[in-house]
Amino acid sequence: MKPAIPKGTRDFAPYEMVKRNFIINTITNTYRHYGYRQIETPAMENLSTLEGKYGEEGDKLLFRILNSGLKPEDLKKSDSINAITEKGLRYDLTVPFARYVVMHQNEITFPFKRYQVQPVWRADRPQKGRYREFIQCDADVIGSNSLLNEVEMVMMIKDVFQKLGLGVTIKINNRKVLAGICEAIGVPDKMMNITIAIDKLDKTGWHKVKEELLSKGISPSAILKLEPILQFQSDSISALSFLKNQLSASETGLKGIHEIQSVFDSLSAVNFHFQTIQFDHTLARGLNYYTGAIFEVKVNHPGSNFSGSLLGGGRYDDLTGIFGLPHVSGVGISFGIDRIYDVMDELKLFESINLQASSTQVLFVNFGEEEVKYILPVLQQLRAASINAELYPDAVKLKKQISYADSNKIPFVVIAGTNEITNNQLTIKLMDQGKQETISSGKLIERLKTENIVKQK
RNA sequence: GUGAUUGUAGCUCAGUUGGUUAGAGCGCCAGAUUGUGGCUCUGGAGGUCGCGGGUUCGAGUCCCGUCUUUCACCCCA
């Protein structure tokens with residue numbers, strides 16, 4: 001049998017995990033820094049929890065789990081999929097979080113700030129930057145309507161990408177602005193169709209968007225009114241005042257503008273520099289549950305033309321309502337670390353970051369039973385002193401053992417054979433310099449501490 | 001779901017209009033060097049040419065089917 005893994009899934013080698021963990025740790029450290037606390041939820045949820053929350057497309061992309069104990073005849077006689085599947089793999093972390101909040105509402109003190117780092121699964125066709133299994137890093141505040149939460153989201157996004165050294169543009173819009181636009185052009189009931197169409201504006205251009213709108217039954221007169229609104233491109237401040245005029249008749253639209261304005265005002269109060277954030281009234285985002293602010297992050301770094309989003313998020317006013325807890329608003333963001341990894345790797349950004357390739361700092365050579373007896377207590381002393389160390393398990397040729405240290409990037413090798421043992425000494429080999437020196441066995445930790453690698457921890 | 005695309009050694013790939021024992025680089029193993037990695041040299045192992053069928057005296061090469069890879073659309077992190 002030829003080993004293989006399912007389409008759209010991947011293995012990760014140790015050298016890749018070092019980089020992935022660097023990204024995850026950067027994000028989770030930031031989350032904790034801002035007061036978020038971690039939870040986890042199961043990989044699988046009841047389908048009733050997941051279905052209908054992500055729009056029509058989302059439902060199609062759900063991985064369904066076949067009920068256990070099915071017999072062939074059950075498959076034949078079942079007239080619908082629902083009769084043979086009742087569980088599915090989670091599609092994102094936000095909906096399971098809403099379910100969690102409702103189930104645990106009596107234990108939670110609101111507002112609840114949680115973060116969650118777990119894989120999600122989508123039965124999509126894999127392609128560049130798109131996987132069937134990928135990790136999301138979410139932070140959400142639920143049970144607070146304050147726009148300060150939106151401000152906090154933006155600041156965390158900025159902090160993370162700054163620490164990663166990756167240039168990005170944070171795009172922000174508000175579903176209320178989109179609703180206002182639909183009101184202003186006289187088709188308030190077609191908001192979903194319109195937002196999905198205009199989301200493609202930067203990709204396909206106005207001509208294609210117009211075609212799609214017509215095919216969705218939007219009247220030519222409405223499209224005529226929409227065109228100047230969408231074509232307006234400017235800096236965030238001018239765009240806000242332009243739309244304020246355009247949407248003067250729409251209470252909802254004005255509210256959306258006001259919300260964005262408020263977020264920008266707060267950001268300027270903390271000297272947030274505005275090159276990285278951009279109000280974009282054509283940003284739509286397909287997920288059904290957003291009602292207020294929506295966020296998206298795109299790469300804006302010389303040398304990268306990656307077009308997918310690295311992060312998505314927004315405010316949802318009634319996601320918990322579906323599960324029986326109405327009137328609880330939340331806002332959150334979700335980093336896609338797999339895409340961030342791809343972009344950073346392509347740009348070779350990891351090379352300038354001091355990543356510890358191997359956690360082992362010292363390898364003890366194994367010459368045989370007698371020598372191991374001499375080594376073992378020293379090995380334990382190093383570990384007790386928080387120095388990561390290992391002993392080669394087999395008494396094979398020295399060449400092989402040194403090569404092991406070399407290919408695993410272990411910086412120090414300690415050699416103790418009969419010569420060293422009779423003099424109560426150790427030979428320490430500094431791999432990067434190719435030098436070695438013999439010291440008395442009690443001085444090993446002291447000697448290692450003069451080297452950077454040990455201090456670096 | 002739609003349209004393309006890929007598949008040959010562990011990895012990256014070459015393989016002529018169909019022709020005899022299918023190659024290279026890297027990696028791996030061994031030796032040069034019995035207690036010393038990276039560099040060098042020598043040798044070695046490793047292939048149902050994705051799978052099934054067809055055409056042919058003869059198929060890695062041509063045809064059909066199927067699976068797989070990658071990419072675009074849709075949608076999304």
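Throughout, protein chains are lettered first and strands after them, A, B, ... in sequence-line order, and every chain is numbered starting at 1.
- Taken residue by residue, residues 303-314 of chain A places heavy atoms nearer than 4.0 Å to RNA chain B at A/Ser309, A/Leu310, A/Leu311, A/Gly312.
- In this view, A/Arg20 and A/Asp338 satisfy the side chain to side chain donor-acceptor pair (under 3.5 Å) rule, not counting sequence neighbours.
- Within residues 430-443 of chain A, the residues having any heavy atom closer than 4.0 Å to RNA chain B are, in order of number, A/Met431, A/Asp432, A/Gly434, A/Gln436.
- Residue A/Glu56 is out of contact with every strand shown, counting any heavy-atom pair closer than 4.0 Å.
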TODO: Give the dot-bracket string for RNA chain B, reading 5' to 3', where a pair is Watson-Crick or G-U wobble with both distances under 3.5 Å, ( ) marks pairs inside the strand, [ ] marks pairs crossing earlier ones, | marks a partner on another strand, and . marks unpaired.
DONE: ((((..(..((((.....[...)))).(((((.......))))).....(((((..]....))))))..))))....

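- Between A/Phe22 and the choices A/Ile24, A/Asn25, A/Thr26, the side-chain contact (heavy atoms from CB on, under 4.5 Å) rule is met once, by A/Thr26.
- In this structure, A/Arg37 is not positioned above the aromatic face of A/Tyr115 in the sense of NZ or CZ being under 6.0 Å from the six-membered ring centre and within 45° of the axis.
- At a non-hydrogen distance threshold of 4.0 Å, A/Lys397, A/Leu398, A/Lys399, A/Lys400, A/Ile402, A/Ser403, A/Asp406 from residues 396-406 of chain A come into contact with RNA chain B.
- Within 3.5 Å, a donor on the side chain of A/Glu420 pairs with an acceptor on the base of B/G35, or the reverse.
- Against RNA chain B, the stretch residues 124-131 of chain A makes heavy-atom approaches under 4.0 Å through A/Asp124, A/Arg125, A/Gln127, A/Lys128, A/Gly129, A/Arg130, A/Tyr131.
- Looking at A/Glu296 and A/Lys298, a side-chain N of the basic residue comes within less than 4.0 Å of a carboxylate O on the acidic one, giving a salt bridge.
- Note that A/Arg122 lies in the cation-pi zone of A/Tyr91, set by a 6.0 Å cut-off to the ring centre and a 45° limit from the axis.
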